[in-house]
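The structure appears right after this line, and notes come after that.
The sequence lines fix the lettering, A, B, ..., with proteins before strands; numbering per chain opens at 1. All of these numbers come straight from a predicted model, not from anything done at the bench.
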There are 2 protein chains.
Amino acid sequence: MSKHQKEMGVLKEHLGKHQLKYTRQRELILDAFLKQEHITAEEMYHQLARKDPHLGLATIYRTLNLFCEAGLAQARHFGTQTQYDNISHKGHHDHLICTDCGKIVEFENCDIERLQEEVATRNGFTIKTHRLELYGLCSRCRH
Amino acid sequence: MSKHQKEMGVLKEHLGKHQLKYTRQRELILDAFLKQEHITAEEMYHQLARKDPHLGLATIYRTLNLFCEAGLAQARHFGTQTQYDNISHKGHHDHLICTDCGKIVEFENCDIERLQEEVATRNGFTIKTHRLELYGLCSRCRH
DNA sequence: TTGAAATTGATAAACCGTCTCAAAAGGAAT
DNA sequence: ATTCCTTTTGAGACGGTTTATCAATTTCAA
Ligand SMILES: [Mn+2]
Ligand SMILES: [Mn+2]
Ligand SMILES: [Zn+2]
Ligand SMILES: [Zn+2]
């Protein structure tokens, strides 16, 4: 029995609903993905090269995008490459990013979210999504 | 006497400090840039093609990046292309973006900024910059 | 006016992610 | 287990955006 029973269930349900198939590659990528908070396709490509040297980069991109559609992942554009954020066991959140060491801290702040809604309403907008990223130095890198 | 006396002064001061030269192209691009709130390099390339058909796209990218260094512009990554934001006559601000028609509304909210600082402090971070973008539908597009 | 240094324009290259397509694999029905 | 249709895969081509290269041109201080 796998460690990631619940998430595998979510994926299989999505696959079933869309006439998609459960493959060895998808299982492999899901396992690797659920071990991280954020990961890029390239990072995963290198990690998995040990387990399966023939796994293609395109397959990793395709599969991570599939996870986004299944609600397990969310694509974030922090730096130059897309980070796939493991949201399987957590709700909406935003990020603090250290520009020196790359450390990423997740946070949630209801007050900020509420004020965002106020701003939107005042301007006649209905918010669908948002991105809030705070860039700076973490405590280690400040010294 | 040009319409953009102040901004031209800012640019010339930056050029002076860095042993850079004041060229016809830089003047042309500055004038076009200051007429917009946000513009992409490609858009400016097409606009200026009338005034100077030989102006190269690389020069536009180089010059807009120069404006960023001089503090006149700020690069923003809303969609697929980089938007250069004219910040010469305004301070920091964030954006509401309509995902349907592309309309962009600028806003400032001190309360949000203060809460961001609180979040950062609580996590040991010192913020240098941030990005806050609210995506949704404007009043026209909601109907 | 001269000449060293910066700039320009054309285009190649880098970068990241998606598309293409023939071969392989999944899986439902038999 | 076999069949057979559909989906998936891997390799590499491709596309859009931005930067790098480099010879020719321009700037500007002496
Ligand atoms: Mn996250
Ligand atoms: Mn703006
Ligand atoms: Zn750090
Ligand atoms: Zn709109």
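Checking C:dG9, D:dT8, C:dT7 against the side-chain heavy atoms of A:R26 singles out D:dT8 as nearest. Distances were taken from every side-chain heavy atom of A:Y22 (C-beta onward) to each of D:dG10, D:dT19, C:dG27; the shortest belongs to C:dG27. With distances taken from any side-chain atom of B:T82 to the nucleotides D:dT6, D:dT18, C:dT8, the minimum falls on D:dT18.
Between the base of C:dA25 and the side chain of A:K21 there is no donor-acceptor pair shorter than 3.5 Å.
Between the CD atom of B:Q19 and the P atom of D:dA29 there is a distance of 11 Å, rounded to whole Å. Computed from coordinates, the A:I60 CD1 to D:dT8 C1' distance equals 15 Å when rounded to whole Å. Atom OH in A:Y45 sits about 9 Å away from atom C1' in D:dA11, given to the nearest Å. If you take CG of B:L55 and P of C:dA10, they are 9 Å apart, rounded to a whole angstrom. At whole-Å resolution of the value, CG in A:L15 and P in C:dA25 are 19 Å apart. If you measure from atom CG of A:N65 to atom P of D:dT8, you get 14 Å, rounded to the nearest angstrom. Rounded to an integer number of Å, the gap from A:Y61 OH to C:dC16 P is 7 Å. Across the protein-nucleic acid pair, B:L57 atom CG and C:dA10 atom C1' stand 11 Å apart, rounded to whole Å.
Along DNA chain C, the nucleotide nearest B:L20 and the nucleotide nearest B:A58 are compared for position; the residue whose nucleotide lies closer to the 5' end is B:L20. Mapping B:T80 and A:R24 onto DNA chain D via the closest heavy atom, the residue that lands nearer the 5' end is A:R24.
Neither side chain, A:H93 nor A:Q74, offers a donor N or O lying under 3.5 Å from an acceptor on the other.
Here the two rings, on A:Y84 and A:F33, have centers that are 6.0 Å apart or farther. A ring-centre distance under 6.0 Å is not found for A:H4 and A:H89.
Here A:R62 lies in heavy-atom contact (under 4.0 Å) with a base. Heavy atoms of A:E42 sit nowhere under 4.0 angstrom from any nucleic acid atom.
When every heavy atom of B:N86 is checked against every heavy atom of B:L34, the shortest pair comes out as ND2-O, 3.5 Å.
Remark: B:T23 is in phosphate contact with C:dT8, judged by side-chain N or O atoms under 4.0 Å from OP1 or OP2.
A salt bridge does not link A:R76 to A:E133: none of the charged nitrogens lies less than 4.0 Å from a carboxylate oxygen.
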